[in-house]
Amino acid sequence: MENVHVSIEKYINLVSNRTDPRSEWDWTEAFDALMNDPAVQVFLPPGAYRVRFPKAITKLKTINGEGATLYSRGALNLEAHGIRIIGLTIAGKTPNGIQLSEGHGITLLGVNNIEIIRCNLQDINQNAIQFSNQVNYSSNIKIDSCTINNIGINTTNIQTEGMGIYIQHAKNVLITNSVISRTYGQSGIMIQKANTVAVEHTLIEDTKYRGIQTFAGTSSTDVTDVINNIIIFRCTIRRTGELNQTGNGLATNGIFIRNPKGRPEDVRITHTLIEYCGENFIEGTFDAQFNTFKFSGWYDSLETPSKEGLYPHSRAIIANNKIISAKKEGVKLFGNRVDVIVQGNLIIDSGISGVLVQAHGAGAIATGIIVVDNIIRDTTKQTVRGVELVASQGGVLDTVNIINERNHVLGVS
């Protein structure tokens with residue numbers, strides 16, 4: 001049956017309300033029958049198909065949907081390995097503006113070898129693509145050339161809903177050549193309890209909160225509460241906080257990495273453009289090299305203390321980047337910071353200093369800090385604050401283990 005292509009029209013007799021206008025036809029039973037058909041290759045001809053809550057897809061299927069739109073109340077729940085969805089639009093709102101979606105767009109339930117290619121997911125109530133919290137990880141997942149737009153506009157639970165792609169309990173995930181825009185949850189892409197995830201050549205823009213966030217290390221006993229081998233390569237993230245009308249700019253960073261047990265190589269960001277962020281460009285433990293960052297703290301309407309360029313936690317690498325027009329410091333190390341490298345960056349037109357190392361608070365120490373070979377320029381001022389080392393409120397600068405050398409500070413002549 002692999003070479004047989006079966007259309008949903010085969011099951012048109014299961015559409016019970018065909019006396020209604022075609023746009024009102026309920027294709028749920030026909031769609032379920034198609035997914036249960038022995039054929040692997042199935043397709044929806046171009047047109048609109050309205051369904052309620054489809055049954056889980058439990059058989060190997062390649063679903064061809066070029067030119068077809070599935071208006072669905074519930075998610076496509078994938079429970080079989082090897083499913084491919086190609087060219088299908090999944091819409092949570094009808095053309096006349098009726099909101100149908102009551103859940104996710106596509107849910108992966110501990111499945112392997114899944115491909116979602118050239119699909120559009122729009123107006124979804126919760127998350128566009130959801131990896132379920134299964135004991136068995138979903139693995140070998142490819143999301144390629146997809147468009148995800150207007151997700152979670154009515155959500156009241158931003159921690160778990162309103163995201164373009166929510167990755168959890170997963171490994172070997174590739175997101176490539178895709179566009180994610182207008183997300184109302186905490187990030188465009190969320191990653192937790194996952195390893196080997198690559199986000200490449202993807203645009204994330206016009207979010208209410210963050211572009212990408214990883215979240216791990218909240219449990220002292222759960223050995224799965226880790227992330228590693230996350231790569232963000234040749235992406236663009238811009239206008240994070242654009243949709244935020246709260247006046248509070250917290251959680252509008254470009255990328256946020258929560259990984260307190262991690263190493264910089266666990267999350268690598270390279271050759272990526274991040275610009276016009278409500279807060280900083282990146283916060284956390286990470287390795288960021290050969291990126292361009294422009295305009296942090298962009299929205300005056302959003303109040304937040306974190307309008308610096310980059311805000312590394314301990315064990316971070318910031319090297320060979322362009323950091324342009326940070327609202328406050330270009331790079332800010334604050335509190336207890338250990339083993340951070342800031343090297344070879346071009347830092348231009350920061351609102352305050354180029355690099356600030358501030359050991360702040362009783363018991364805080366700044367040690368193992370390397371700030372070398374950076375160029376700190378200001379195109380508007382003669383006097384420029386370059387690298388500042390500060391101890392405050394009982395904090396300690398371990399100057400023996402802080403290297404501050406060969407940094408060039410330039411103002412206008």
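Quick note: numbers below take in every heavy atom, side chains included, and nothing from hydrogens, waters or symmetry partners.
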Colleague: Report the relative orientation of the aromatic rings in Phe295 and Tyr276; use parallel for angles under 30°, tilted for 30 to 60°, perpendicular for over 60°.
Modeller: parallel
Colleague: Hey, is the main chain of Met35 close enough, under 3.5 Å, to the side chain of Asp37 for a donor-acceptor pair?
Modeller: no
Colleague: Are a donor atom and an acceptor atom from the side chains of Asp378 and Thr380 found within less than 3.5 Å of each other?
Modeller: yes
Colleague: So does Ala48 get a backbone contact from the side chain of Thr69, meaning a donor-acceptor N/O pair under 3.5 Å?
Modeller: no
Colleague: So, Lys327 and Asp300, do they make that salt bridge, N to O below 4.0 Å?
Modeller: yes
Colleague: Classify the ring geometry between Phe290 and His271 as parallel (under 30°), tilted (30 to 60°) or perpendicular (over 60°).
Modeller: parallel
Colleague: When you measure from the centre of the six-membered ring of Tyr311, is the NZ or CZ of Arg337 closer than 6.0 Å and no more than 45° off the axis?
Modeller: yes
Colleague: Do the rings of Tyr49 and Trp27 sit parallel, tilted or perpendicular, given the 30° and 60° boundaries?
Modeller: perpendicular
Colleague: Going by atom types only, do Asn229 and Asn195 share a side-chain donor-acceptor pair under 3.5 Å?
Modeller: no
Colleague: Tell me, which pairs form a salt bridge (charged side-chain N to carboxylate O under 4.0 Å, His left out) where one or both residues lie in residues 86-112, sequence neighbours left out?
Modeller: Arg73-Glu102
Colleague: Between the side chains of Ser392 and Gln358, is a donor N or O closer than 3.5 angstrom to an acceptor N or O?
Modeller: yes
Colleague: Will you find, in the side chains of Asn125 and Ser101, an N or O donor that is under 3.5 Å from an N or O acceptor?
Modeller: no
Colleague: Cut-off 3.5 Å, side chains only: do Ser181 and Asn149 have a donor facing an acceptor?
Modeller: yes
Colleague: Would you say the side chains of Asp349 and Thr379 form a donor-acceptor pair under 3.5 Å?
Modeller: yes
Colleague: Tell me whether Asp206 is salt-bridged to Arg182, with the criterion being a basic N under 4.0 Å from an acidic carboxylate O.
Modeller: no
Colleague: Just checking, is any N or O donor in the side chain of Asn112 or Ser139 under 3.5 Å from an acceptor N or O on the other one?
Modeller: yes
Colleague: Test: salt bridge (charged side-chain N to carboxylate O under 4.0 Å, His left out). Region: residues 112-131. Which pairs qualify, not counting sequence neighbours?
Modeller: Glu66-Arg118, Arg84-Glu115
Colleague: Can you tell me if Asp26 and Thr28 form a side-chain donor-acceptor pair at under 3.5 Å?
Modeller: yes
Colleague: Without hydrogens or angle criteria, can the side chains of Asp287 and Gln289 be said to hold a donor-acceptor pair below 3.5 Å?
Modeller: yes
Colleague: Under a 3.5 Å threshold, yes or no: a donor from one side chain and an acceptor from the other, between His169 and Asn133?
Modeller: yes
